Amino acid sequence: MCGIVGLFLKDSALEPQLGAMLTDMLVTMTDRGPDSAGIAIYGDDDGANTKLTVQSDQPDAAFADLDKTLSQALGAPVTLERRDTHAVLRLPRDKEMDAVRILRDAGEVRLMSAGSTLEIYKEVGLPKDVAARFDIASMAGTHGIGHTRMATESAVTTLGAHPFNTGADQCLVHNGSLSNHNSLRRKLQRMGVHIETQNDTEVGAAYLTWRMQNGASLGEALESALDDLDGFFTFVVGTKDGFGVVRDPIACKPAVMAETDQYVAFGSEYRALVNLPGIDEARVWEPEPATVYFWKHSDPQVPTGKAA
Amino acid sequence: MQTIDLGTTALRELNASLHAQAADTNQTAWEIVNPRGSHAVAVGLDAPIEVYVKGSTGYYTAGMNKQATVHVHGSAGPGVAENMISGTVIVDGDASQYAGATGHGGTLVIKGNASSRCGISMKGIDIVVHGNVGHMSAFMAQSGNLVVCGDAGEALGDSIYEARLFVRGSVKSLGADCIEKEMRPEHLEILRDLLERGGCDARPEEFRRYGSARQLYNFNIDNAY
C-alpha cells in the first residue's frame, strides 16, 4: 500500500494555498503509508536560475558554507535557502551541469531534484511530521504531488522515499510494486544510467529518464512503461508545465480523480479530496487502466490524450 | 428517521448503533450525513432497516449485508456490498473495483458505472449495473446474475463456473471458458424481473446472455499437465 495525492491548479488564485491544500490531502492518506513521505512542488520560476534541492543527514555542517564553496568553484553567484534537512540552491542555468558534477563528486549532500521550478522534499516519518519539518503548508505553486510510503520492496530511507526526480523539472511517485526491477536495473546500469538504491520505483523513474534522454516524450515514455515494466503501478508524474497519471493494465492499485474549473486532483482514495473547494460539484471518476492521462497549463482544457 | 453525522460521530459508534437494531425495531430508517469517503460505512447489518448515506463513501460500504437496504446517494469506493448475504444495496453514482465481490445473495444496483472486477467470485448475488463494467468482471463467478446495461470491459466472465451474465452493449472480450449463450424465454423472464428490481427501463430483448462453456472446471485429462 502507499498513498498518492496530486493537485494541478487551473485557477491561479489558488496558487498561494497549494502547499496547504496538498498537506491536508497528504495527511489524510497517512494510514496508507506511515513510513516516509515526500512532496514535489512546482513553485516560482525567476527566469534565470536553476534550483537544485539537496538533502543531508548532517545539515548544519553540510549546508554551512555550501553556497560559498559552490559559488567559488563555479565562478558564479549561488544562494542557499535551508528547510530543515533540505536546502534549495539557486544558480545560473548554464552552471547546472557543473554544479551537479561538483556536488556528486564531493558527496556531502544528496541531490533531490533539479529544475527551474521543481523542489522535492522527502524524509522518513509520518506525513504530518514530514510536512511540518519543511513547512510545506506555507509553499505556493502551480502544481504538486505528494506521496506517503508503506515500504514493501526496499528499506525505509530518505532515498527510498518518493517523489523521484526523473529529469529537469520532472518527478514520479508510485503506488504498487515492480517485479522486474532487478533485471531492468542491471540493463539500465549497463547503459550508464545512474541508480543509487535497491528501490523498485527508482528503477521506474530511471527507466522514464532513459527513455526521454533517447528522444521519447513523457507521454511516449509512459506508454512504453506499460510494456516494459512488470508489476503493479499507479504512477503520477509532474513536469514543469503538466501533470499525468497512468495505471497498469490490472489496475488493482486505487485511484480517483476530480476536476473542476479550478483544478485537477488525484487521490488514492476519495477521502483525500473531500476538503477541496467545490468537490461536491466536481467531475469525479476513476482513471482507466493502461491509459495515459495528461494535463498541461498551456492547454488545460484537454483532459486526456497522448500529449506531453 | 434517525440521523447520524459522521463529521461528529465515530464510525464504530455508527455501525454499533446499526448493529443494535433487531428484526422488530421501530427505528427502521437511518440517514448518515458527511460520510466524506469513510471506509466500512454500514457494514455487517442484520435487520430489515433502511440506511440512506448522503454522500460518497470509501472501501467496503455495506459489506456483509443481511436484510438491510443501504442506499448510497453518491459514489462508492472499492468492495461495495462485498460478501452480501441478503438485502439491497443501491449506489446512485459509480462504484470502484470489485463491487459485489463474493456476494451470496441480495441485490446490488449501481446506477452509474462499475470499474474492474465487478461481481468477482459472485456466489448468488444479483447485480444490476446501469452503466458499464470494467475488465475481469464476474471473474470466477459461481452463481447469481450480473446485468450490464452498458458495455463490459476485457475478459468478461473469465474462469466462470455458473452465473448468468446479461450485457446490453458491447463486450470488449470474453475471458477463458466464457461464451455467448442462447437467450431463451425463461432467461427473458429472469432478466425482466432483474431490470424491474434494478429500476432500469431497458427491454430484456436488447440484451445478450453469456455464461460458462463448462470446459474449464470439470476435470478433463486434456487440461492436465
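Computed from a prediction, not measured in an experiment: that's the story for all the values here. Naming: A, B, ... by sequence-line order, numbering from 1 per chain. Computed over heavy atoms, backbone and side chain alike; hydrogens, waters and symmetry mates excluded.
For Y59(B), the part lying near chain A is the side chain, with the backbone staying farther off; criterion is any non-hydrogen pair under 4.5 Å. Interface residue I250(A): backbone and side-chain heavy atoms are both found under 4.5 Å from chain B. At a 4.5 Å heavy-atom cutoff, the contact between P289(A) and chain B is made by side-chain atoms alone. Only the backbone of V284(A) comes within less than 4.5 Å of a heavy atom in chain B; its side chain stays farther off. Heavy-atom distances place the backbone of S38(B), and not its side chain, under 4.5 Å from chain A.
Residue-environment remark: CZ (R208(B)) stays at or below the threshold of 12 foreign heavy atoms within 6.0 Å. When the shell of 6.0 Å around CG of D227(A) is examined, it contains more than 12 heavy atoms from other residues, nucleotides or ligands.
No donor-acceptor distance shorter than 3.5 angstrom exists from the side chain of E269(A) to the backbone of G37(B), with no hydrogens or angles considered.
Residue-level contacts of residues 143-153 of chain A with chain B do not occur; threshold 4.5 Å between heavy atoms. The interface of residues 112-122 of chain B with chain A, defined by heavy-atom distances below 4.5 Å, comprises S115(B), S116(B), R117(B).
For the residue pair E286(A) and S96(B), the shortest heavy atom distance occurs at OE1-OG, 2.6 Å.
Within the structure, the salt bridge (Lys or Arg N to Asp or Glu O under 4.0 Å) test picks out no pair touching residues 56-72 of chain B (sequence neighbours left out).
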Side-chain donor-acceptor pairs under 3.5 Å in residues 77-84 of chain B, sequence neighbours left out?
unit_1	atom_1	unit_2	atom_2	d
N83(B)	OD1	T102(B)	OG1	3.0
N83(B)	OD1	H104(B)	NE2	3.4

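Considering only heavy-atom pairs separated by less than 4.5 Å from chain A, the leading option among M136(B), E154(B), H39(B) is H39(B).
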